[in-house]
Chemist: 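Here it is, the structure in full.
Being a predicted model, the structure only gives us computed values, none of them experimental. We count residues from 1, following the sequence as given.
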Amino acid sequence: MNASPYPRTTVIIPCYHVREKVEQVISSIPAWVEQIIVVDDKCPQESWRIVERLQEHDKRIALIRHSVNQGVGGAMVTGYKAGLAGPCEIFVKMDGDGQMDPADLPRIVEPIAVGRADYAKGNRFRDFTTLRSMPGLRLFGNSALSFLVKAASGYWNILDPTNGYTAIHRRILEQMPLDRVSKRYFFESDMLIRMNPLDAAVADVPIKAKYDDEHSSLRISRTLLEFPTKLLRGLVRRVFLKYFVYDFNMASVYILVGAPLMLFGIIFGAWEWFDSFRTGRPKTAGTIMVAALPIILAFQMLLQAIQIDMDRAPRLRRNGNPTFKRED
């Protein structure tokens with residue numbers, strides 16, 4: 001009879017360019033974790049060979065190998081689907097590069113275990129001492145990207161939304177359209193965007209920032225080119241579902257009226273400015289107001305819609321439904 005303070009938990013580790021670190025990561029996962037799913041995403045370093053050797057001593061380890069590289073999101077989708085076939089209730093994402101400290105696992109899992117949250121994620125921005133170890137360019141990029149993800153996902157009350165150290169409850173994962181989730185580095189952001197219409201509560205968990213000599217396949221140029229378009233598309237999808245499909249409230253009205261007004265004011269004002277530039281004749285005050293007034297009104301309406309969206313962000317539950325002290 002083995003008592004554990006947590007519900008049955010699976011740790012999923014996507015592997016790509018992590019040969020030097022993956023053994024240490026797997027070996028340091030605590031004994032109360034019931035299952036470890038390692039997804040070798042066509043790693044050129046053949047990390048799977050190390051995992052196969054570890055399987056001989058740790059029967060919790062399940063190895064899945066991709067014949068084609070699918071990205072971190074694709075590896076996680078494979079791991080999630082494999083995990084859902086078993087009995088575990090909580091699924092943790094932990095990278096194999098050593099950035100995520102297994103000692104933080106209890107803190108990541110706890111908000112879900114006690115029923116306060118459906119999804120938990122690490123937050124590196126709470127620990128200012130260890131945050132100094134984060135490269136300056138990466139810190140700036142993460143800060144800017146975090147704001148955009150907060151706006152697109154609707155989780156305005158969290159920090160560091162792009163952090164990949166996450167845990168999710170089974171009931172939310174079963175509602176996620178896993179085959180449509182982004183397969184590359186947009187995966188964590190896409191998960192948040194798709195969870196908001198499900199009213200999933202998200203917990204921020206302070207963790208230490210660890211940056212050593214790990215290899216990163218993410219490029220700043222790729223982020224700048226791909227993320228803004230995907231974030232905009234995710235924002236439009238989330239707003240449509242939350243305010244026009246699942247519900248209709250004052251934010252819906254403000255968006256319906258404000259967006260066309262803003263569009264009209266910008267197009268009309270740009271046309272009149274171009275005509276004035278072309279002909280050399282200044283426009284009358286009335287013409288200027290016809291362009292400016294819709295923009296002013298639209299800005300106020302859309303600002304109010306954003307305020308409503310911030311107020312409607314899913315909140316942590318004070319009185320959860322704890323599932324402690326299971327016995328096997």
Chemist: Would you list the pairs meeting ring pair (Phe, Tyr, Trp, His ring centres under 6.0 Å) in which at least one residue belongs to residues 90-115, sequence neighbours left out?
Modeler: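 Pairs touching residues 90-115 that pass the test: none.
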Chemist: Measure the shortest side-chain to side-chain distance between Val11 and Arg60 over non-hydrogen atoms and say whether it is less than 4.5 angstrom.
Modeler: no
Chemist: Who passes ring pair (Phe, Tyr, Trp, His ring centres under 6.0 Å) against Phe268, sequence neighbours left out?
Modeler: Phe264
Chemist: Would you find a donor on one side and an acceptor on the other, under 3.5 Å apart, between the side chain of Asp95 and the backbone of Asp97?
Modeler: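 Checked: no pair found.
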Chemist: If you take all heavy atoms of Leu148 and Leu231, which pair is closest and at what distance?
Modeler: CB-CD1, 3.6 Å
Chemist: List for me each residue that meets ring pair (Phe, Tyr, Trp, His ring centres under 6.0 Å) alongside Tyr155, sequence neighbours excluded, and say none if there are none.
Modeler: none
Chemist: Side chains of Gln99 and Lys21: closer than 4.5 Å at any heavy-atom pair?
Modeler: no
Chemist: Quick one: salt bridge (Lys or Arg N to Asp or Glu O under 4.0 Å) partners of Asp311, sequence neighbours excluded?
Modeler: none
Chemist: List the steps, then state whether side chain to side chain contact (heavy atoms under 4.5 Å, CB included) holds for Ile168 with Met191.
Modeler: CA-CA 10 Å; Ile168 187 170; Met191 287 285 287; 4.0 Å; yes
Chemist: I'd like to know if the side chain of Gln45 and the backbone of Val18 have a donor-acceptor N/O pair within less than 3.5 Å.
Modeler: yes
Chemist: Counting only pairs under 3.5 Å, give me each side-chain donor-acceptor contact of residues 78-85, with atom names and distances, residues two or more places apart or in other chains.
Modeler:
residue: Thr78; atom: OG1; partner: His66; partner atom: NE2; Å: 2.8
residue: Thr78; atom: OG1; partner: Gly74; partner atom: O; Å: 3.1
residue: Lys81; atom: NZ; partner: Asp179; partner atom: OD1; Å: 2.4

Chemist: Which residue pairs satisfy the side-chain hydrogen bond (donor to acceptor under 3.5 Å, both in side chains) criterion with at least one member in residues 249-264, sequence neighbours excluded?
Modeler: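 The answer is Asp247-Asn249.
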Chemist: Looking only at heavy atoms, which two atoms of Pro111 and Ala120 are closest? And how far apart?
Modeler: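 Pro111 and Ala120 have their closest heavy atoms at CG-CB, 4.4 Å.
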Chemist: Please name all residues satisfying side chain to side chain contact (heavy atoms under 4.5 Å, CB included) with Arg180, sequence neighbours left out, ordered by chain then number.
Modeler: Pro177, Arg194
Chemist: Is it true that Asp190 and Arg237 have a side-chain N and a carboxylate O under 4.0 angstrom from each other?
Modeler: yes
Chemist: Does Tyr119 reach the side chain of Ile172, with side-chain heavy atoms less than 4.5 Å apart?
Modeler: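 In short, these two side chains do not touch, never coming nearer than 4.5 Å.
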Chemist: With sequence neighbours excluded, what pairs up with Glu52 under the salt bridge (Lys or Arg N to Asp or Glu O under 4.0 Å) test?
Modeler: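 None.
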Chemist: Can you sort out the partners of Asp118 under salt bridge (Lys or Arg N to Asp or Glu O under 4.0 Å), two or more places apart, ordered by chain and number?
Modeler: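 Result, salt bridge (Lys or Arg N to Asp or Glu O under 4.0 Å) vs Asp118: Arg171, Arg317.
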Chemist: Shortest non-hydrogen contact from Gly122 to Ile108?
Modeler: N-CD1, 3.9 Å
Chemist: List the residues meeting salt bridge (Lys or Arg N to Asp or Glu O under 4.0 Å) with Arg281, not counting sequence neighbours, and say none if there are none.
Modeler: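 Scan of Arg281 (salt bridge (Lys or Arg N to Asp or Glu O under 4.0 Å), adjacent residues dropped) gives none.
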Chemist: Apply ring pair (Phe, Tyr, Trp, His ring centres under 6.0 Å) to Trp271 and list each qualifying residue two or more places apart in sequence or on a separate chain.
Modeler: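 Testing Trp271 for ring pair (Phe, Tyr, Trp, His ring centres under 6.0 Å), a comparison that skips the adjacent residues, returns none.
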Chemist: Applying ring pair (Phe, Tyr, Trp, His ring centres under 6.0 Å), name anything that partners Phe277, two or more places apart in sequence or on another chain.
Modeler: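 Scan of Phe277 (ring pair (Phe, Tyr, Trp, His ring centres under 6.0 Å), adjacent residues dropped) gives Trp273.
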Chemist: Are the side chain of Asp40 and the backbone N or O of Cys43 linked by a donor-acceptor pair below 3.5 Å?
Modeler: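 Yes: the side chain of Asp40 pairs with the backbone of Cys43.
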Chemist: If you apply the rule side chain to side chain contact (heavy atoms under 4.5 Å, CB included), what do you find for Ile295 with Ile266, and how did you get there?
Modeler: CA-CA 7 Å; Ile295 293 177; Ile266 291 174; 4.2 Å; yes
Chemist: Salt-bridge test for Glu188 and Lys93: reply yes if a basic N is under 4.0 Å from a carboxylate O, no otherwise.
Modeler: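 Here Glu188 pairs with Lys93 in a salt bridge, since their nearest N and O are under 4.0 Å apart.
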